[in-house]
Amino acid sequence: IKGQANPKLSLTQPYSWNVRFRHAATPDPVENPGSENISCPDCGRVFTGRHRVPVFKRHYRTVHLKIQLYSCDFCQRKFAHDNSRKRHAKICRLKMIEMKLSSCTGQE
């Protein structure tokens with residue numbers, strides 16, 4: 001949407017940090033002759049299907065470069081994938097609520 005901030009960019013890191021790590025240089029995938037599959041040059045994992053190139057790039061950033069872009073809002077633990085952060089945040093939020101409730105009942 002025009003005029004709105006990009007929600008994918010971190011507000012705590014400078015723009016150059018986001019560009020450098022979100023668009024980290026990945027090597028060209030190895031194209032397998034006679035098929036549309038591509039392989040990772042480091043580990044040999046094969047990627048197929050329509051989204052094989054972006055999936056390969058995400059694989060390379062997270063597995064080989066160990067880039068973790070997402071962090072929990074409650075405990076600051078870092079994650080490579082946003083869905084992992086969301087799953088963790090649900091558990092972490094419940095633990096924070098339990099800690100607050102136990103401290104409230106312990107004071108009375």
Side-chain angles (χ1 to χ4, degrees):
I1 299 173
K2 189 175 182 179
Q4 290 184 350
N6 186 344
K8 291 184 178 181
L9 294 178
S10 169
L11 298 177
T12 59
Q13 297 290 341
Y15 179 75
S16 62
W17 184 91
N18 283 291
V19 170
R20 185 175 56 208
F21 287 104
R22 285 191 180 276
H23 303 288
T26 55
D28 291 331
V30 177
E31 294 185 20
N32 299 324
S35 74
E36 294 183 5
N37 300 342
I38 58 174
S39 304
C40 177
D42 287 2
C43 66
R45 181 175 174 186
V46 177
F47 299 90
T48 62
R50 191 170 87 188
H51 303 290
R52 63 191 173 275
V53 174
V55 171
F56 160 72
K57 288 182 179 183
R58 183 178 72 174
H59 159 79
Y60 196 84
R61 279 195 315 263
T62 58
V63 174
H64 300 297
L65 298 180
K66 308 280 190 226
I67 296 174
Q68 296 180 327
L69 297 174
Y70 306 98
S71 62
C72 176
D73 296 332
F74 303 104
C75 69
Q76 308 311 314
R77 182 176 169 186
K78 296 198 174 283
F79 298 91
H81 302 287
D82 191 40
N83 59 344
S84 300
R85 180 202 56 86
K86 287 178 183 177
R87 182 176 53 239
H88 164 81
K90 286 180 184 178
I91 296 167
C92 198
R93 181 175 175 268
L94 291 174
K95 287 180 181 178
M96 296 292 279
I97 291 171
E98 286 176 8
M99 286 175 31
K100 286 181 182 179
L101 289 176
S102 66
S103 67
C104 290
T105 57
Q107 291 177 351
E108 292 180 348

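The first residue in the sequence is number 1, and the count goes up from there.
A distance of 9.5 Å separates CD of Gln68 from NE2 of His81, quoted to the nearest 0.5 Å. In this structure, NE2 on His59 lies 3.0 Å from NE2 on His64, to the nearest 0.5 angstrom. One finds the NZ atom of Lys95 at 15.5 Å from the NZ atom of Lys90 (value rounded to the nearest 0.5 Å). Between the SG atom in Cys40 and the CZ atom in Phe56 there is a gap of 5.0 Å [rounded to 0.5 Å]. Atom-to-atom distance recorded for Ser102:OG and Glu98:CD is 8.0 Å, nearest 0.5 angstrom.
Remark: Arg87 engages Ser84 in a side-chain contact (heavy atoms from CB on, under 4.5 Å) (not counting sequence neighbours). Judged as a salt bridge (Lys or Arg N to Asp or Glu O under 4.0 Å), and not counting sequence neighbours, the contacts of Lys86 are Asp82. Remark: Val53 engages Ile38, Lys57 in a side-chain contact (heavy atoms from CB on, under 4.5 Å) (not counting sequence neighbours).
At least one donor-acceptor pair under 3.5 Å links the side chain of Arg52 to the backbone N or O of Glu36. In terms of modelled atom types and a separation under 3.5 Å, the side chain of Arg58 and the main chain of Val55 share no donor-acceptor contact.
When every heavy atom of Asp73 is checked against every heavy atom of Gln76, the shortest pair comes out as O-NE2, 3.5 Å. Between His88 and Cys75 the shortest heavy-atom distance is NE2-SG, 3.3 Å. Residues Ala80 and Thr62 come closest through the heavy atom pair CB-CG2, 3.6 Å. Counting all heavy atoms, side chain and backbone alike, Ala89 lies closest to Phe74 at O-CE1, 3.8 Å.
Residues Val63 and Phe79 fall into different hydrophobic clusters, defined by Ile, Leu, Val, Met, Phe, Trp and Tyr side chains chained together at heavy-atom separations under 4.5 Å.
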